[in-house]
Every structure is written in C-alpha cells, then in structure tokens.
Amino acid sequence: MQFFALLTRNTEKFSDADFAPLLPGEAEQRRTLYAQGAVRQVWNRGDIPGAGMMFEAADEKEVRGHLATLPLVDAGMMGIAAIVPLNPYPGFGPKR
C-alpha cells in the first residue's frame, strides 16, 4: 500500500545552522530508504521548509518506523504533519 507523508521542519526552534550538520546524513538515509524500496519519491515542500515523501508500506506503523530513521525526525527537528494512506484512482481502469 502507498502512503504520503508530509513533513515540516521545526524552524521556530532550530536555525539553518542547526540543521546543516544533519543534512548529509538525512540525504543518505533517504537514499537508503529509496534503495530499499520503502520510499518511492521525495519532494521538497514549496510552501514551507519540509518534505513530502511517498512510501510503499504495509501500514502506517511501518511508515512511522521508516521516518524515525531519518536524522531530522530523530532529533526532533522535523515533524510529521500527516501520513495519508492512498488508494488507487479507479478512473484510469478499464471501461465497463
């Protein structure tokens, strides 16, 4: 099943300088989750600092487990705004 996770950087509590040392590890862990097939796509948010991530997982608990491995989430510098389960859109299926 696919899930969309919407993440938000905690910019009220942390500065860009606080984030900087963790960004290489964050990028590496995202690449690892992608290589494992857990993450399908990653976007930077265009409205506020944060990210959107498409996951392939059995349930929300599994998604939360993957997110917990991200250095920014682990450090409390990135919050999970939403985890949304996605269902296939039936409009592109065969016509009946």
Side-chain angles (χ1 to χ4, degrees):
M1 183 171 189
Q2 291 188 324
F3 293 83
F4 187 75
L6 191 60
L7 308 173
T8 305
R9 281 192 185 189
N10 187 350
T11 56
E12 292 179 13
K13 187 174 178 183
F14 300 99
S15 69
D16 287 344
D18 295 324
F19 286 100
L22 297 179
L23 294 180
E26 180 79 8
E28 182 61 32
Q29 182 57 18
R30 289 180 186 196
R31 282 191 293 273
T32 297
L33 291 171
Y34 181 83
Q36 292 171 347
V39 169
R40 296 292 186 190
Q41 293 179 307
V42 178
W43 299 269
N44 287 325
R45 291 183 62 165
D47 56 346
I48 60 174
M53 300 177 74
M54 182 74 66
F55 282 90
E56 190 74 40
D59 53 32
E60 183 177 327
K61 182 179 178 181
E62 185 178 346
V63 174
R64 287 187 181 278
H66 291 310
L67 289 170
T69 69
L70 297 173
L72 293 178
V73 173
D74 183 52
M77 299 171 81
M78 179 97 72
I80 302 167
I83 298 175
V84 180
L86 301 172
N87 294 317
Y89 175 66
F92 296 137
K95 293 183 181 182
R96 295 178 189 218

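Source: prediction; values computed, not measured.
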Engineer: Can you name the closest pair of heavy atoms from Gln29 and Pro71 and give their distance?
Structural biologist: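 What the structure gives for the nearest pair is CB-CD, 4.1 Å.
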Engineer: What heavy-atom pair brings Asp74 and Ala68 nearest, and what distance separates the two atoms?
Structural biologist: CB-O, 3.8 Å
Engineer: Which heavy-atom pair separates Gly76 from Asn10 by the least distance, and what is that distance?
Structural biologist: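 In terms of heavy atoms, the two residues are closest at O-ND2, 4.0 Å.
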Engineer: May I ask whether Val73 and Val84 are part of the same hydrophobic cluster, defined by side-chain heavy atoms of I, L, V, M, F, W, Y residues being less than 4.5 angstrom apart, directly or through others?
Structural biologist: no
Engineer: Give the C-alpha distance, both sets of side-chain angles, the deciding distance and a yes or no for side-chain contact (heavy atoms from CB on, under 4.5 Å) between Thr69 and Thr32.
Structural biologist: CA-CA 10 Å; Thr69 69; Thr32 297; over 6 Å; no
Engineer: If every non-hydrogen atom of Met1 is compared with every non-hydrogen atom of Leu86, which pair is closest and at what distance?
Structural biologist: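 Smallest heavy-atom distance, with atoms named: CE-O, 4.0 Å.
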Engineer: Calculate, to the nearest 0.5 Å, the distance between atoms OH and CD belonging to Tyr34 and Gln41 respectively.
Structural biologist: 8.0 Å
Engineer: Output all residues satisfying ring-ring contact (aromatic ring centres under 6.0 Å, His included) with Phe3, sequence neighbours left out; order by chain, then residue number.
Structural biologist: none
Engineer: Using 30° and 60° as the class boundaries, would you call the ring planes of His66 and Phe55 parallel, tilted or perpendicular?
Structural biologist: parallel
Engineer: Are the side chains of Ile83 and Leu67 in contact, using a 4.5 Å heavy-atom criterion?
Structural biologist: yes
Engineer: For Tyr89, what are the other residues in its hydrophobic cluster, where any two members join if their side-chain heavy atoms are less than 4.5 angstrom apart?
Structural biologist: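 Phe92, listed by chain and number.
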Engineer: Counting C-beta onward and ignoring hydrogens, is there a side-chain heavy-atom pair between Leu70 and Leu33 closer than 4.5 Å?
Structural biologist: yes
Engineer: Heavy atoms only: give me the nearest Phe19-Met77 pair and the separation to one decimal.
Structural biologist: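 So the two residues come closest at CE2-O, 3.4 Å.
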Engineer: For a quick test of reading the model, state the closest non-hydrogen atom pair linking Met54 to Phe4 and the distance between them.
Structural biologist: CE-CD1, 4.1 Å
Engineer: Out of curiosity, does Met78 fall in the hydrophobic cluster containing Ile80 (side-chain heavy atoms, cut-off under 4.5 Å, transitive links)?
Structural biologist: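 Yes, Ile80 connects to Met78 through the hydrophobic network.
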Engineer: In sequence, state the C-alpha distance, the side-chain angles, and the governing distance for Leu7 and Leu72, and then conclude on side-chain contact (heavy atoms from CB on, under 4.5 Å).
Structural biologist: CA-CA 10 Å; Leu7 308 173; Leu72 293 178; over 6 Å; no
Engineer: Go through the structure and list residues passing salt bridge (Lys or Arg N to Asp or Glu O under 4.0 Å) with Asp47, not counting sequence neighbours.
Structural biologist: Arg45
Engineer: Restricting to pairs with a member in residues 14-27, which pass side-chain hydrogen bond (donor to acceptor under 3.5 Å, both in side chains), not counting sequence neighbours?
Structural biologist: Ser15-Asp18, Glu26-Arg30
Engineer: Using the test salt bridge (Lys or Arg N to Asp or Glu O under 4.0 Å), find all partners of Arg9 that sit at least two apart in sequence or belong to another chain.
Structural biologist: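 Here no residue qualifies.
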Engineer: Taking salt bridge (Lys or Arg N to Asp or Glu O under 4.0 Å) as the test, write out the residues that go with Glu28, two or more places apart.
Structural biologist: Arg31
